[in-house]
Amino acid sequence: MATIDNTIDSTDAVSGAAWLARLDRWCERVGDAINPILVKETRQSLKSRQFVVTFSMILFAALAWTIAGSLSLMPQIYTTPSAPRMMIGYYAVLALPMMMVVPLAAYRSLESEIDDGTLELLSITALSPWQIVMGKLASASLQMVLYFVTLFPCLAYAYSLRGVDLPTTLLIVASLAVAGSLLTVVGLFFAPLARGRSGRVATMLVLIFILVLAEYGISSMVVGMILYGNPLSASALLFTVLATLALSGSLGHLLLTATAAQLTPETENRSTSLRLSLLVLTTICVATIAAAMLVLGSDGISVYVAGLLVIAGLWTFCGALMVGERSTITPRIRRELPSSFLGRLFLTWLTPGPTTGLVFAIIGIAILTSIQYLSLDWVLRTANVGGSMRRQLRHLLGVPAILYPAYLVSFLVAVRVVMFAVRLRNNSRVEVGLAALIVVAVMTALVPYSLQLHYNDYQPLSYDPTWQVTNWAFTMATAVERRLPPGVLGQIVGAAICLALLSFFAAWRTTRPRRIATPQRVQEELSGR
């Protein structure tokens, strides 16, 4: 019996040692992946004047508020709950560097690497763009951790004064951490967007506006939660926390992937990772909407509508960028293309190129439209909404929600043709695709409306499908008002289906075998790494 126990103990010891060895190897790989750029960025940031000034001001502000706030609450601080006022002061001290200083510092850090040419030197090393971006993010996260550690005793002191419960305090800290991290990712995303000086000024102004708006909104929520308590139930609070973490993580991953793609040379594949990240974010958005309807009931209607608007805007923006991609595929990209029949059939649409991007966008829009059409009937049957709300949802999310993707597919096909003509003489950036989509949408709405208005002697117009069938704004407004003539919906959807089929037929060449063998020299270099 003792022999059996000793054998079991030795087996457990061996398995534990093997587990620790695997953990050690994993930590070593992660450290090797982020350590070089993290050490460089940490040394630079901790020695910078920005960090020294910010850290000193935080210490001084925390000390000043501790003294001034405590004295202002005397002598009631001994007998009555006094935590809310102190907590609001400490939150204000911590929120400014977390949601303003650190994102702007991350933006300036990556932008200075591009301006000074340091990024070009880093690109010829073994560091990948992902490692560079993650190093910048890790350095910013380390600064935020230092700010948290500095003010943690102050938050504990405020909590000890009674008046704010522990879950609310934890929510305040978590909201600051999530918001600061996501805004830092946004700052990194904006850094490589512009190339000229005027463009950099514009991107910085846009970033400052986003940071100010985010800080105002989050601060209003936190102050209200401190003063009036948490209004959510246990199930709603759990859903809110999980949904916020999932959406923030997936959105941050998409923005980081886009940032790394901007730093990646044009000879490499920059599209596949972006499209996969877009699919992950879309899936999480759909799952969040479904969970909101199951958990929140009728209160989830607002989440349902907001989620549909977010998904529509996301695929409109990303679809225009995908259609605006370059059609040139370098030999390095061709080595990574799928070679099997099923791989070419299902994975070709993740590879770079405007044709594959158009088909990918059309398929994604069609699937999402089908899900929305089926979910609307389920929402109206299961959600506890009144008759007037039910009719409003059916009118707002019924026909207009079918017209919008139909128009979007048609416009994306038109943008593909426009970008093909533009690239005959210019090697434009992908952002031109978004500009082309805006121009197409404006012209298809403005031209027919102007012509009919002139033909009608500038009198008030009624919807005429002969003139306004391409006018998406007038058509959707008429559909919301339930005055859309019969047959117009079928014509618009039919035209979108025909254009989509033409795009599929035009893309048949992309499913043919295009992969090339990797040269022996390249294989030796890759194996040497």
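Bear in mind the structure is a predicted one, so any value in this text is a computation, not a measurement. Computed from heavy atoms alone, side chains included, the values below leave out hydrogens, waters and symmetry copies. Nothing fancy with the numbering, it's 1 onward along the sequence.
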With heavy-atom distances below 4.5 Å as the criterion, would you say the side chains of [X] and [Y] are in contact?
X: L263; Y: L110; value: yes
X: L276; Y: L350; value: yes
X: P192; Y: T259; value: yes
X: L314; Y: L278; value: yes
X: L403; Y: W472; value: no
X: L183; Y: M100; value: no
X: V206; Y: I210; value: yes
X: M293; Y: I301; value: yes

Please report whether the ring centroid of W467 lies less than 6.0 Å from that of H454.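 Ring-ring flag for H454/W467: false, centres at least 6.0 Å apart.
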Between W315 and Y404, is the gap from one ring center to the other below 6.0 Å?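 Distance test on ring centres: not under 6.0 Å, no.
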Roughly how far, to the nearest 0.5 Å, is the [atom2] atom of [Y] from the [atom1] atom of [X]?
X: Y449; Y: L461; atom1: OH; atom2: CG; result: 5.0 Å
X: I497; Y: I492; atom1: CD1; atom2: CD1; result: 12.0 Å
X: I311; Y: I365; atom1: CD1; atom2: CD1; result: 12.0 Å
X: I284; Y: I289; atom1: CD1; atom2: CD1; result: 12.5 Å
X: M98; Y: I218; atom1: CE; atom2: CD1; result: 10.0 Å
X: L251; Y: C285; atom1: CG; atom2: SG; result: 8.5 Å

With no hydrogens and no angle check, do the side chains of [X] and [Y] hold a donor and an acceptor under 3.5 Å apart?
X: R416; Y: T355; answer: yes
X: Q468; Y: T475; answer: no
X: Y304; Y: S375; answer: yes

Please report the closest heavy-atom contact between [X] and [Y], naming both atoms and the distance.
X: M99; Y: S219; answer: CE-OG, 4.4 Å
X: S503; Y: V413; answer: OG-CG2, 3.5 Å
X: A401; Y: Q372; answer: CB-OE1, 3.5 Å
X: T54; Y: Y147; answer: CG2-OH, 3.4 Å

If you draw the axis of the six-membered ring of Y463, does the NZ or CZ of R483 fall within 45° of it and under 6.0 Å from the ring centre?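 Not flagged: R483 not positioned over aromatic ring of Y463.
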Using only atom types and a distance under 3.5 Å, with no angle test, would you say the side chain of [X] pairs donor to acceptor with the backbone of [Y]?
X: T283; Y: L279; result: yes
X: S109; Y: A105; result: no
X: S250; Y: L247; result: yes
X: S277; Y: L274; result: no
X: R275; Y: A361; result: no
X: T444; Y: A441; result: yes
X: S181; Y: V178; result: no

After noting the C-alpha distance and the side-chain angles of T184 and Y107, does the key distance pass the side-chain hydrogen bond (donor to acceptor under 3.5 Å, both in side chains) rule? CA-CA 8 Å; T184 303; Y107 169 85; over 6 Å; no
Are N269 and T272 close enough, and set up right, to give a side-chain contact (heavy atoms from CB on, under 4.5 Å), and what steps lead you there? CA-CA 7 Å; N269 185 356; T272 301; 2.8 Å; yes
Is there a side-chain contact (heavy atoms from CB on, under 4.5 Å) between M322 and L412 once you walk through the steps? CA-CA 10 Å; M322 287 187 289; L412 289 178; over 6 Å; no
Please report the C-alpha distance between F360 and V323 in whole Å, then the side-chain angles of each, then the deciding distance to 0.1 Å, and finally whether the side-chain contact (heavy atoms from CB on, under 4.5 Å) criterion is met. CA-CA 10 Å; F360 177 81; V323 175; over 6 Å; no
Got a salt bridge between E111 and K136, using NZ or NE/NH1/NH2 to carboxylate O under 4.0 Å?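 Not counted as a salt bridge, because no side-chain N and carboxylate O are separated by less than 4.0 Å.
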Between W130 and H253, what is the ring plane arrangement, given parallel below 30°, perpendicular above 60°, and tilted in between?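 Ring orientation, 0 to 90° scale: tilted.
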Can you tell me if CZ on F504 sees more than 12 non-hydrogen neighbours from other groups inside 6.0 Å?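 Yes.
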Dump the intermediate steps for side-chain contact (heavy atoms from CB on, under 4.5 Å) on F190 and M204, then the final yes or no. CA-CA 8 Å; F190 273 94; M204 176 169 281; over 6 Å; no
L308: which of V303, V286, L397, L376 passes side-chain contact (heavy atoms from CB on, under 4.5 Å):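 Answer to the side-chain contact (heavy atoms from CB on, under 4.5 Å) test with L308 among V303, V286, L397, L376: L397.
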